[in-house]
Amino acid sequence: MSKPSIPQGTRDFSPEVVRKRQYILNTLRNIFECYGFQPLETPAMENLTTLTGKYGEEGDRLIFKILNNGLHDITAEDKKQKLQDEWTKVTSKAYSSPVVTERALRYDLTIPFARYVVMNQNELAFPFRRYQMQPVWRADRPQKGRYREFWQCDADVVGSTSLINEAELLCIYQKAFNELTIPVKIKLNSRKLLAAIAELCGAPEQMMNITIALDKLDKVGWTGVVKELQERGISEDGIFKIEQVIKVTGDNNTKLAAFADMMQHSATGIGGINEISKTLAYYRTLADAQWTGVIEVDISLARGLNYYTGVIVEVVCNSEKVEMGSIGGGGRYDDLTGLFGLKGLSGVGVSFGIDRIYDVLEQLEAFPQQLASGADVLVLNFGGENENYALSVLRQLRDAGIAAEVYPDAAKFDKQMKYANKRKFTYVLLPGDEEREKGLISVKNFVTGVQQMVSMAEAMTLIRG
RNA sequence: GAGGCUGUAGCUCAGUAGGUUAGAGCAUCAGAUUGUGGUUCUGAGGGUCGAGGGUUCGAAACCCUUCAGCCUCCCCA
């Protein structure tokens, strides 16, 4: 018998870990609901054609495909021949065929969301605000902090171009990370500014290349970016212009003023600057003075996904104690639903990287203490008549809304106690002969070790603290 | 897709230059102890040394092949 295992890049979540993850999800869910977002869930699998071509060439490669069922059952000669032909292609090059695979696992939550909006466009009330927290799958090579199955947690608004939406999403980030007690920096940029930089270089068609190179500024520094830009064929003059823009420092208003000066001849650039300033203005009106996160205009922020068209954001942990990439990101995409035939619908959304948020909370030791335990109370089982007494005690506890469990076997005393210890119960109740005869119950506080024999009513008061 | 590292008990790992019957800690189970857990003590179970082949009188160790896991790059969350 071989040892059992789970697929590469997947994880089991132990009870303690699930509780911590649920703490994160519940915190976010409450905030989303408070901001008027509605829950949405979509299937784990989509039609492959829904997903292909949406994430770029690299993305297509990373989609988990599902082999069609019943391939061996095909009897019609012409279909069988078709399958053979397609199979040969599939095994010889990067190629997908609906004859072999027509379904695939969800790659992210945004494309299924767009698909849902298009399918239900006549029923939905726009602007439609939804949040979605579900696992996604990528056939990527797993490594530290990267998995083949992981959860995404998105909130999007479609059907409105107002920058109030952008400002609200900034608020959601602020509120979420304040409640989770994670110090953050929220970087803000606009794809329009990146486009304007490409214009400044006299190479507007090079925007993607410039964007990809700039995105690495944090990682490889300016000299690394220069190298990357040269490799991607950007002129020396262009690189000099980019440097002028990148080297701008100061607070957000100073930066925006400087950009406005440099980009005064670019309608795109001015547009980008305006949307950032308006977003920030709305944000200031909506924001809570308690929030501690820093919002910083960062023109080197690029974001990989190519469907973004307007404001883009990214959240990083702002603590020396933590070494971590982005823990959230998002932006505006002007025509996502256009991919599925519904034109002119603009959307803006943010995503929380909950696996990374989990790691950050661990490193900061910022999970609330009381998450650790499950049921508070264990009722011991002394067998015989005491067993029934134990069950009646158990029922009274649950009727009173106290989470409790009974040890189901009349096992040796120390075995039951060891179980209680391992499970970290706060209280252990001992319904034995004496207790039963007197109609009382012994309550042992398992943290302090103090034990007392009291009435059920008093016991419940004790347990409730 | 490219590269690097590691596979020995449930877990973390020792294992000298290739040499008797492969060890330790933790965990598990039993007992000390069937009305008092954590600590302690005693004992027990648990291994095709990732798999296959080769070299050798002899392989956990050396060679080849293969599989798996981890990490880095690319890309991404």
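First the proteins, then the strands, lettered A, B, ... as listed; each starts at 1.
Between A/Asp433 and A/Arg436 there is a salt bridge, with a side-chain nitrogen of the basic residue lying less than 4.0 Å from a carboxylate oxygen of the acidic one. Remark: A/Arg191 does not engage A/Asp334 in a salt bridge, criterion side-chain N to carboxylate O under 4.0 Å. Comment: A/Glu168 engages A/Arg129 in a salt bridge, judged by a side-chain N to carboxylate O separation of less than 4.0 angstrom.
A donor-acceptor pair shorter than 3.5 Å can be found between the side chains of A/Glu275 and A/Ser190.
Atom CD1 in A/Ile441 sits about 17 Å away from atom P in B/U36, given to the nearest Å. For A/Ile6 and B/G69, the CD1 to P distance is 10 Å, given to the nearest whole Å. In this structure, A/Tyr55 atom OH and B/A77 atom P are separated by 11 Å, rounded to whole Å. In this structure, A/Arg141 atom CZ and B/C76 atom P are separated by 18 Å, rounded to whole Å. Between the P atom of B/A77 and the CZ atom of A/Phe64 lies a distance of 17 Å, rounded to the nearest Å. The CD-C1' distance, from A/Gln143 to B/G4, rounds to 13 Å in whole Å. The CZ atom of A/Arg148 sits 17 Å away from the P atom of B/A77 (whole-angstrom rounding). Going from atom CG of A/Leu62 over to atom C1' of B/A77 covers 12 Å, rounded to whole Å.
To the nearest whole angstrom, the two C1' atoms, one in B/C70 and one in B/C64, are 24 Å apart. Taking the P atom of each, B/A17 and B/U55 are spaced 25 Å apart, rounded to whole Å. Here, B/A59 and B/U72 have their C1' atoms 33 Å apart, quoted to the whole Å. Rounded to whole Å, the P atom of B/A60 lies 24 Å from the corresponding atom of B/G25. For the C1' atom pair drawn from B/C11 and B/A2, the interatomic distance equals 33 Å after rounding to whole Å. Spacing of C1' atoms, B/U33 relative to B/C26, comes out at 24 Å, to the nearest Å. Taking atom C1' on both B/C67 and B/A22, the two are 24 Å apart, rounded to the nearest angstrom. Taking the P atom of each, B/G58 and B/G1 are spaced 41 Å apart, rounded to whole Å.
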Name every donor-acceptor pair, under 3.5 Å, that has one atom in a side chain of residues 455-465 of chain A and the other anywhere in the protein, sequence neighbours excluded.
unit_1: A/Ser455; atom_1: OG; unit_2: A/Glu458; atom_2: N; d: 3.2
unit_1: A/Ser455; atom_1: OG; unit_2: A/Glu458; atom_2: OE1; d: 3.0
unit_1: A/Glu458; atom_1: OE1; unit_2: A/Ser455; atom_2: N; d: 3.1
unit_1: A/Thr461; atom_1: OG1; unit_2: A/Ala457; atom_2: O; d: 2.9
unit_1: A/Arg464; atom_1: NH2; unit_2: A/Ala400; atom_2: O; d: 2.7

Cut-off 3.5 Å, no hydrogens considered: what does the side-chain donor-acceptor table look like for residues 28-39 of chain A, sequence neighbours left out?
unit_1: A/Arg29; atom_1: NH2; unit_2: A/Asn26; atom_2: OD1; d: 2.9
unit_1: A/Asn30; atom_1: ND2; unit_2: A/Asn26; atom_2: O; d: 3.3
unit_1: A/Glu33; atom_1: OE2; unit_2: A/Tyr131; atom_2: OH; d: 2.5

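Across B/G37, B/G35, B/C75, the shortest atom-to-atom separation from the side chain of A/Phe382 is found for B/G35. Residue A/Met417 has its side chain nearest to B/G37 when only B/A77, B/C75, B/G37 are considered.
Among the protein residues, A/Glu435 comes within range of the nucleic acid bases, having at least one heavy atom under 4.0 Å from a base atom. Looking at heavy-atom distances under 4.0 Å, A/Gln8 makes contact with sugar-phosphate atoms alone, never a base. Among the protein residues, A/Ser351 comes within range of no part of the nucleic acid, since none of its heavy atoms lies under 4.0 Å from any strand. Within the nucleic acid shown, A/Gly59 has no heavy atom closer than 4.0 Å to any nucleic acid atom. Using a 4.0 Å heavy-atom distance criterion, A/Phe446 is classed as a base contact. Looking at heavy-atom distances under 4.0 Å, A/Tyr147 makes contact with a base. Using a 4.0 Å heavy-atom distance criterion, A/Asp433 is classed as a base contact.
Between A/Tyr419 and A/Tyr407, the ring planes lie perpendicular to each other; the angle is over 60°, past the 30° to 60° tilted range.
Sequence order on RNA chain B of the closest nucleotides to A/Asn386 and A/Ser326 puts A/Asn386 first from the 5' end. Across the interface with RNA chain B, nearest-nucleotide mapping of A/Tyr107 and A/Arg61 shows A/Arg61 to be the residue nearer the 5′ end.
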Q: Report the secondary structure of RNA chain B in dot-bracket form, marking unpaired bases with a dot and bases paired to a different strand with |, and treating Watson-Crick or G-U pairs with both distances under 3.5 Å as paired.
A: (((((((..((((.....[...)))).(((((.......))))).....(((((..]....))))))))))))....
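Applying the side-chain contact (heavy atoms from CB on, under 4.5 Å) test to A/Ile239 and every residue at least two apart in sequence or in another chain returns A/Trp222, A/Val226, A/Leu229, A/Gln230, A/Ile234, A/Glu236. Residues passing the side-chain contact (heavy atoms from CB on, under 4.5 Å) test with A/Val18, sequence neighbours excluded: A/Phe13, A/Gln22.
Below the 3.5 angstrom threshold, one finds a donor paired with an acceptor across the side chain of A/Gln451 and the base of B/U36. A donor N or O paired with an acceptor N or O is not found under 3.5 Å between the base of B/C75 and the side-chain atoms of A/Arg138.
Remark: A/Arg395 CZ is loosely packed, at most 12 non-hydrogen atoms of other residues, nucleotides or ligands lying under 6.0 Å away.
Distance alone, capped at 3.5 Å, is enough to place a donor-acceptor pair between the A/Asp60 side chain and the A/Gly53 backbone.
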Q) Which letters describe nucleotides 28-34 of chain B, given B = protein heavy atom under 4.0 Å from base, S = only from sugar-phosphate, - = neither? A) S--S--S
Q: Might you work through the salt bridge (charged side-chain N to carboxylate O under 4.0 Å, His left out) test for A/Glu179 and A/Lys175, ending with a clear yes or no?
A: CA-CA 6 Å; A/Glu179 287 199 9; A/Lys175 190 169 169 72; 3.5 Å; yes
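For A/Gln152 and B/A77, the shortest distance from a side-chain N or O to OP1 or OP2 is not below 4.0 Å.
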